[in-house]
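Below: the structure, in structure tokens.
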Amino acid sequence: MHRGVLREGEWVRLVDAKGRKHNFELVAGKRFFSNKGHLDHDELIGREEGFTVTSSAGGEYLVFRPLLSEFVVSMPRGAAVVYPKDSAQIVAMADIFPGAHVVEAGVGSGALTCSLLRAVGPHGRVSSYEVREEFAEVAQRNVRQFFGAEEGRDHPAWHLTIGDLAAELPASGERCDRIILDMLAPWDCLDAVGEALRPGGIVCAYVATTTQLSRFAEAVRLHGGFTEPHAWESLVRDWHLEGLAVRPSHAMNGHTAFLITARRMAPGQRPPLKKRRPAPGAYGPDYTGPRPPGVPAPPPEADGAPGTDG
């Protein structure tokens, strides 16, 4: 993190009286323009953040360095970003700790990568895998921008690989503490995840739909080397505060994605089978996904039986 006076090359965040936000890089001799006139970057460089500046047309702006949560929602995007409310849940619920080795599949635009690098600290490591080179390039620029790395140099704790985790991770021979999967079909990586993840380690998948959530949960159960998966989502609602007018805001951060975690068992060990019977119809004739151990497929319906076209 940067401290002290604002320097050329840093990014700043300007917020006007109506809450409109502007993020830009400080460049000596350059000007920032808005519908409230202009500001010279030189007026900002060399000052401690947390001040108010007035534009040429009388507009007032609050000036701070952007927080990580502010940076990721306004940075350039290749793929959709993992929003701050979900990044915070991943760091907390996947127990990302200083010194951890975290593997990330699906680097997207680099939003989650920044949070992971912050969490593992200077003695940790984040290994990211991305199949699309154009996404990887956007993520590299965003991570370098946030951490202030020089052009052509990445964060020292970060290693980015262009390729599919399912093939690249086993070939690397890496062992890791945590694996985060932000991809279309995370169940395809479970064998590679199981090989690389240390006993007690956590796999966390970030999926957008209920069908992905169900498919991944059943694949984890079928694998047999993980604990029972736990799934949830987070919803964030701001509040309006003005004297006695205290009420929820009209807008909220609703559904973005589901999170699902499971822990790696020791080699050769399997979790106890669930004692509770599945809900009626949970694995009925309409279900076509993988089935957990002990849940047989329903018998095929005879021709002319109820529920058929005969």
Side-chain angles (χ1 to χ4, degrees), residues 80 82-83 85-96 104-106 112 165-166 178-197 199-237 248 252-310:
V82 177
Y83 279 83
K85 71 181 184 68
D86 297 319
S87 294
Q89 290 279 300
I90 291 170
V91 169
M93 302 303 287
D95 197 39
I96 311 297
E104 173 193 26
L112 179 60
L165 176 139
R178 305 288 186 263
I179 297 182
I180 314 299
L181 303 175
D182 177 13
M183 54 197 305
L184 186 64
W187 47 85
D188 289 341
C189 295
L190 269 181
D191 288 338
V193 167
E195 288 296 320
L197 201 55
I202 298 173
V203 58
C204 176
Y206 179 85
V207 294
T209 69
T210 54
T211 50
Q212 289 174 302
L213 184 67
S214 173
R215 178 72 180 270
F216 184 74
E218 298 304 338
V220 167
R221 293 184 177 120
L222 185 63
H223 182 280
F226 296 91
T227 59
E228 178 67 13
H230 170 66
W232 76 100
E233 66 173 332
S234 64
L235 311 175
V236 176
R237 183 173 66 180
M252 69 177 293
N253 294 324
H255 174 75
T256 48
F258 300 101
L259 293 169
I260 178 168
T261 58
R263 296 192 73 177
R264 184 71 170 102
M265 300 290 293
Q269 299 296 306
R270 300 180 72 88
L273 289 176
K274 290 179 64 176
K275 299 296 183 182
R276 180 174 58 82
R277 295 181 62 185
Y283 299 100
D286 293 330
Y287 177 77
T288 58
R291 297 174 183 273
V295 178
E301 295 180 345
D303 290 342
T308 69
D309 295 331

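Model, not experiment: these values are computed from the prediction. Position 1 is the first residue of the sequence; numbering continues from there. Note that these values count all heavy atoms, side chains included, but never hydrogens, waters or copies made by symmetry.
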Legend entry - Spacing of Ile179 atom CD1 and Leu190 atom CG [to the nearest 0.5 Å]: 9.5 Å

Legend entry - Heavy-atom side-chain contact between Glu104 and Asp182 under 4.5 Å: no

Inset, instruction - Compare every heavy atom of Pro229 with every heavy atom of Ile260, then report the nearest pair and how far apart it is. - result: CD1-CB, 3.8 Å

Inset, instruction - Check whether any side-chain N or O of Lys85 sits under 3.5 Å from a backbone N or O of Ser234 as a donor-acceptor pair, and report yes or no. - result: yes

Legend entry - Backbone of Pro290 reached by a side-chain donor or acceptor of Tyr287 within 3.5 Å: yes

Inset, instruction - Check Arg221 against Glu228 and note the closest heavy-atom contact, atom names and distance. - result: NH2-OE2, 2.5 Å

Legend entry - Tyr206 vs Leu181 side-chain heavy atoms within contact, under 4.5 Å: no

Legend entry - Approximate separation, where rounding is to 0.5 Å, of Trp232 CH2 and Gln89 CD: 6.0 Å

Inset, instruction - Might you point out which heavy atoms bring Gly200 and Arg263 nearest each other, and give the distance in Å? - result: O-NH2, 2.7 Å

Inset, instruction - Tell me, yes or no, whether the heavy-atom count around Glu195 atom CD, taken from other residues, nucleotides or ligands under 6.0 Å, exceeds 12. - result: no

Inset, instruction - Determine the minimum heavy-atom distance between Gly224 and Pro271, stating which atoms define it. - result: O-CD, 3.2 Å

Inset, instruction - State the NE2-CG distance between His223 and Asp191, to the nearest 0.5 angstrom. - result: 5.0 Å

Inset, instruction - To the nearest 0.5 angstrom, please state how far the CG atom of Leu259 sits from the NE2 atom of His230. - result: 9.0 Å

Inset, instruction - Could you tell me which non-hydrogen atom of Ala262 sits nearest to which non-hydrogen atom of Val220, and how far apart they are? - result: CB-CG1, 4.0 Å

Legend entry - Gap between atom OG1 of Thr210 and atom CZ of Arg215 - 0.5 Å precision: 13.5 Å

Legend entry - Heavy-atom closest pair, residues Ala94 and Cys204: CB-CB, 4.3 Å

Legend entry - Nearest-0.5 Å distance, CD1 of residue Ile202 to CD1 of residue Ile96: 7.5 Å

Legend entry - Arg264 to Phe226 six-membered ring, cation-pi geometry met (6.0 Å, 45°): yes

Legend entry - Sole residue of Leu213, Thr209, Val207 in side chain to side chain contact (heavy atoms under 4.5 Å, CB included) with Thr211: Thr209

Legend entry - Whether His255 and Phe258 hold their rings parallel, tilted or perpendicular, with breakpoints at 30° and 60°: tilted

Legend entry - Residues Arg291 and Glu218 bridged, charged N to O under 4.0 Å: no

